[in-house]
Amino acid sequence: MEERYQAKAIEEKWQRIWEAEQAFKVSEDAAKAKYYVLEMFPYPSGRIHMGHVRNYSIGDVVARYKRMRGFNTLHPMGWDAFGLPAENAAIERGVHPEAWTQENILYMKTQLKRMGLSYDWERELATCEPEYYRWNQWIFIQFFKKGLAYKKSSFVNWCPSCETVLANEQVIDGRCWRCDSVVTQKELEQWFFRITDYAEELLQDLDKLAGWPDKVLTMQRNWIGKSIGAEIDFPLVGRDGGLRIFTTRPDTIFGATFVSLAVEHPLALDLSAGTPQEAAVRTFIDRFKNVSQANRGAEEGEKEGVFTGAYCRNPFTEKNIPIYLANFVLMEYGTGAVMAVPAHDQRDFEFAKKYQLPIPIVIQTHDHKLTADNLTEAYVDDGVMVDSGIFSGLASAAGKEKIAAYAEEKNWGKKAIRYRLRDWGVSRQRYWGTPIPIIYCDRCGTVPVPEDQLPVKLPDDVPFTGKGGSPLSESKFFSQVACPTCGGPARRETDTMDTFVDSSWYFLRFTSAHVATAPFDIEKARYWMAVDQYIGGVEHAVLHLLYSRFFTKALRDLDLAKVDEPFANLLTQGMVSKETYRCSEHSWLFPSELVGSEKEGWRCPQCGRPVQKGRVEKMSKRKKNIVDPEDLINLYGADTARLFTLFAAPPEKDLEWSDQGVEGAYRFLSRLWRFVFQHRPLWTNVSANGDASGLSAELRELRRTIHRTIKKVGDDIDGRFHFNTAIAAIMELFNALSAAAQSDGQSNAAAAVIQEGTETIVVLLAPFVPHVANELWEELGHEERLDQVPWPSYSEEALEEEKLLIVVQVNGKVRGKITVPADVTQEYIETNALADPKVLSFLDGKNV
RNA sequence: GCCCGGAUGGUGGAAUUGGUAGACACACGGGACUUAAAAUCCCGAGGACCCGGAAGGGUCCGUGCCGGUUCGAGUCCGGCUCCGGGCACCA
């Protein structure tokens, strides 16, 4: 190798070596401590982007570091390969989703390999392969048998223009994400997973996840949304039965002056039958029933309702109160019926004002300042119960308990707990997903596909039209099937599964990626699970991470998984952003398109208008602020790309892209490279034997710096993930070595310490910039691959300070600095500190 | 509206437990090398002010704003402002 740093040749060389030697292949080894580090696997969109580079660079540092620390380290990679873009490509360009996906996987795999990521590629998997998705189907059937998968009719988001169901996350402000049509509601038969069975455990076990960011824990807690309250029956007046309501504020029940129902409530129409209100109610229901919840208020939060003509009795006040339908009541939460307490609930307050319903105060502030007249908004805080019969005078907190207990005693209702979490609808009317392995027979009903007939493969005779309905039903042979139970004519389910199913257990599959007889090998999973460190974007804080936790628990209850939680530690990395440029006339512009200069101001290439440097935003094609990792690798090499993304910001923070910063990273590697080749000739006769005796004070200090750096870099990587400060410390050490080499590069003693320092830098850099570190290690005359070198340990003896700098503060302000030998007494320091003239000048009186 | 984060030089960011604020890097300025440029190397730098011929030395201010605790606060407490994110009629 020559004296110029040539990233391309070095990187190709080491990637070849790692491949040939299967350097990162692992298997179970009971003798070694295991470590499982996993980055969220990518969707094969075509090319990797900077978010991937950042995510996988972070994971690779952890993997390589843990390996050097002696852990048996599992670091796999695969493809979340089902999903909509492949189907859209098929519709728009006539490529089969399978071909499109495989091509993308192939290309992205070469890109990842060029990053030098230390994956065990033998465990590679793609969720669109029948060998993978057959186990989605198998798990579905196990869930079905346990009642965890079930079918029910439910309202779904429906785009009338695309004629398809939309997932909640595809509805933006009540409109379709693709065509911008107003989303409606449609009732469809859908398959669900009973995730709500695990609501309480999913909530409780968040406390076990000490290694997760608080932010994510909070988001999951809110998503599960546990509410404690009571269900109480309000008997109907003039007919049998009652309305069961759910409330978290039973203490306000004496203030309930009406009841509100969702338009979907089963009794909604029935109650008005035969009353003068019937027509109005029918109109109201028709107006709202197909409108998605997000679109039900004409304006933000506008309350609307209609009287049903019917009454029910508040069991506590024994008064008859009217029943209304209201546009803001949700059928899916609670019971679809709400006791309305206008004085103490803002929605009910607005509703009562609008329809002139009474607003009695039943919770008073402690200074009794609420009156019917001065109430301008609902009083929703705690207080003292008033006008509440025998409960008057109780604090509202105590009242909640007492009222609920009283209702239970009288058999009017019971204490109840509700969650916002809904069961997980997994049916998708799509082609490119896992076929749901169910057969419908007129005689036998809903029958799962027998396990020995799995996988139910995707048919390849489906036209891709983009029209509504399930594409699988267009296949000539797919749907028609003999009933597995009776042999009679039957039809297959033609919906496919939500792709989140695929990603809910792939981390288990990685422990035995190619086992053909089970979703994963139980013993291997027992060895590797849980994932010790999971790394990915915060956008998955709820859905993917919650579904994976649910799957892990459900598979545990099927005696497959042996852990309660899949991911012991979670790191959510920030996004990669860059400045944008925008012309008022011609929208977003690439920086390279701009004309003019930084000093004179940039102008638009089309209209010549001045262009302002815009906000720093997440990299996106639309905003033209992307950097293609491939260009970066071609220009500087993978090591530079890795070094910059790791150095520019701590992993959990957003990273602002800087082209100059990349240059800086490259310069550092070049400088190190040159340094090694320049000084190596001096090291042929010396060896770093760690013997410090006879070294000058300067060299002893240099050795101290070396060992301090070893300690700091280890501490920074381990658990803290402060890669930016770890790299900064390495740079500091390098600066110190450079300075030493310049002032005293000739003596044998100095050469030995500088050699020790240089080797230390190369080893410490191995997790961050593996190619150049490996190459330099070899150039330094080492036979064994740097990947196999253990992480260096620091010497306590070398760390020991001989002299200490003592900062003397007077009233918190630095007034003097004294240097003392490390082994002196307290009095010695005090005496010297008080002898310092500067300190003295600030000490008019006594010292503390 | 509710719940989480965050705010430190020209910029990205350091400061791990309340103890020298601004490590490291980028950008910038100056110098060396060069016919020249690039590359490389060296030096400088928070702000205001003071002493000195100079090298240098010193004082005060300074971590979004106001207040508090403490010998001492970027760090802890109370009250705001702004920015980012999540949830959003959940009874």
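Chain identifiers are assigned alphabetically (A, B, ...) following the order of the sequence lines, protein sequences preceding nucleic acid strands; residue numbering begins at 1 within each chain.
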Complementary nucleotide for [N] - Watson-Crick or wobble, under 3.5 Å:
{"N": "B:U70", "answer": "none"}
{"N": "B:A54", "answer": "none"}
{"N": "B:C24", "answer": "B:G12"}
{"N": "B:G18", "answer": "none"}
{"N": "B:G84", "answer": "B:C4"}
{"N": "B:G29", "answer": "B:C43"}
{"N": "B:C65", "answer": "B:G79"}

What integer distance in Å separates [X]:[atom1] from [N]:[atom2]?
{"X": "A:Phe723", "N": "B:C24", "atom1": "CZ", "atom2": "P", "result": "21 Å"}
{"X": "A:Gln220", "N": "B:C3", "atom1": "CD", "atom2": "P", "result": "20 Å"}
{"X": "A:Phe734", "N": "B:A25", "atom1": "CZ", "atom2": "P", "result": "10 Å"}
{"X": "A:Leu330", "N": "B:A91", "atom1": "CG", "atom2": "C1'", "result": "9 Å"}
{"X": "A:Leu669", "N": "B:U40", "atom1": "CG", "atom2": "P", "result": "13 Å"}
{"X": "A:Phe246", "N": "B:A91", "atom1": "CZ", "atom2": "P", "result": "7 Å"}
{"X": "A:Arg422", "N": "B:C87", "atom1": "CZ", "atom2": "C1'", "result": "13 Å"}
{"X": "A:Glu652", "N": "B:U16", "atom1": "CD", "atom2": "C1'", "result": "13 Å"}

Work out how far the [atom1] atom of [N] is from that of [M], and round it to whole angstrom.
{"N": "B:C76", "M": "B:U63", "atom1": "C1'", "answer": "16 Å"}
{"N": "B:G13", "M": "B:G1", "atom1": "P", "answer": "29 Å"}
{"N": "B:G72", "M": "B:A7", "atom1": "P", "answer": "25 Å"}
{"N": "B:G12", "M": "B:G68", "atom1": "P", "answer": "31 Å"}
{"N": "B:A21", "M": "B:C28", "atom1": "P", "answer": "30 Å"}
{"N": "B:G44", "M": "B:A55", "atom1": "P", "answer": "14 Å"}
{"N": "B:G78", "M": "B:G62", "atom1": "C1'", "answer": "23 Å"}
{"N": "B:A73", "M": "B:C82", "atom1": "P", "answer": "28 Å"}

query: What residues, two or more places apart in sequence or in another chain, satisfy salt bridge (charged side-chain N to carboxylate O under 4.0 Å, His left out) together with A:Glu332?
result: A:Arg422

- prompt: What residues form a salt bridge (charged side-chain N to carboxylate O under 4.0 Å, His left out) with A:Lys712, not counting sequence neighbours?
  reply: A:Asp716

Look at the side-chain N and O atoms of [X] and state whether any lies under 4.0 Å from the OP1 or OP2 oxygen of [N].
{"X": "A:Tyr419", "N": "B:C90", "result": "no"}
{"X": "A:Thr218", "N": "B:G86", "result": "no"}
{"X": "A:Asn724", "N": "B:A14", "result": "yes"}
{"X": "A:Arg720", "N": "B:A15", "result": "yes"}

Using a cut-off of 4.0 Å on non-hydrogen atoms, how would the nucleic acid contact of [X] be classed: base, sugar-phosphate, or nothing?
{"X": "A:Gly664", "value": "sugar-phosphate"}
{"X": "A:Lys712", "value": "base"}
{"X": "A:Arg418", "value": "nothing"}

query: Mind checking whether A:Phe734 and A:Phe668 have ring centres under 6.0 Å apart?
result: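 So the answer is yes for these two rings.
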
- prompt: Does NZ or CZ of A:Arg418 fall inside the cone over A:Phe246's six-membered ring, less than 6.0 Å from its centre and within 45° of the axis?
  reply: yes

message: Is a donor from one side chain sitting under 3.5 angstrom from an acceptor on the other, for A:Asn625 and A:Thr580?
response: no

task: Could you please spell out the steps behind the side chain to side chain contact (heavy atoms under 4.5 Å, CB included) verdict for A:Asn314 and A:Phe254?
output: CA-CA 8 Å; A:Asn314 181 333; A:Phe254 282 84; 6.0 Å; no

Select one nucleotide: of [options], the one nearest the side-chain heavy atoms of [X].
{"X": "A:Met219", "options": "B:G86, B:C24, B:G85", "answer": "B:G86"}
{"X": "A:Arg674", "options": "B:U40, B:A91, B:C4", "answer": "B:U40"}
{"X": "A:Met731", "options": "B:A91, B:C26, B:C24", "answer": "B:C24"}
{"X": "A:Asn735", "options": "B:C87, B:A91, B:C24", "answer": "B:C24"}
{"X": "A:Arg667", "options": "B:A25, B:U40, B:A14", "answer": "B:U40"}
{"X": "A:Gln742", "options": "B:C42, B:C90, B:C3", "answer": "B:C42"}
{"X": "A:Pro650", "options": "B:G13, B:C89, B:U16", "answer": "B:G13"}

task: List the steps and the verdict of salt bridge (charged side-chain N to carboxylate O under 4.0 Å, His left out) for A:Glu304 and A:Lys354.
output: CA-CA 8 Å; A:Glu304 284 189 72; A:Lys354 181 160 180 172; 5.1 Å; no

field: Geometric class of the A:His679/A:Phe675 ring pair [parallel <30°, tilted 30-60°, perpendicular >60°]
entry: tilted

message: With the 90 degree cut-off around zero defining syn, does B:G62 come out syn or anti?
response: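 Anti conformation here, the glycosidic angle of B:G62 being more than 90° from 0.
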
field: Lys/Arg N to Asp/Glu carboxylate O, A:Arg244 vs A:Asp233, below 4.0 Å
entry: yes

Can you give me the N/O atom pairs linking the protein to nucleotides 7-12 of chain B at distances under 3.5 Å, or say none if there are none?
from: B:G12; atom 1: O2'; to: A:Ala648; atom 2: O; distance (Å): 2.8

- prompt: Within the side chain of A:Asp654, is there an N or O that forms a donor-acceptor pair under 3.5 Å with the backbone of A:Met575?
  reply: yes

task: Would you please test A:Leu646 and A:Val61 for side chain to side chain contact (heavy atoms under 4.5 Å, CB included) and show each step?
output: CA-CA 9 Å; A:Leu646 294 163; A:Val61 173; 3.5 Å; yes

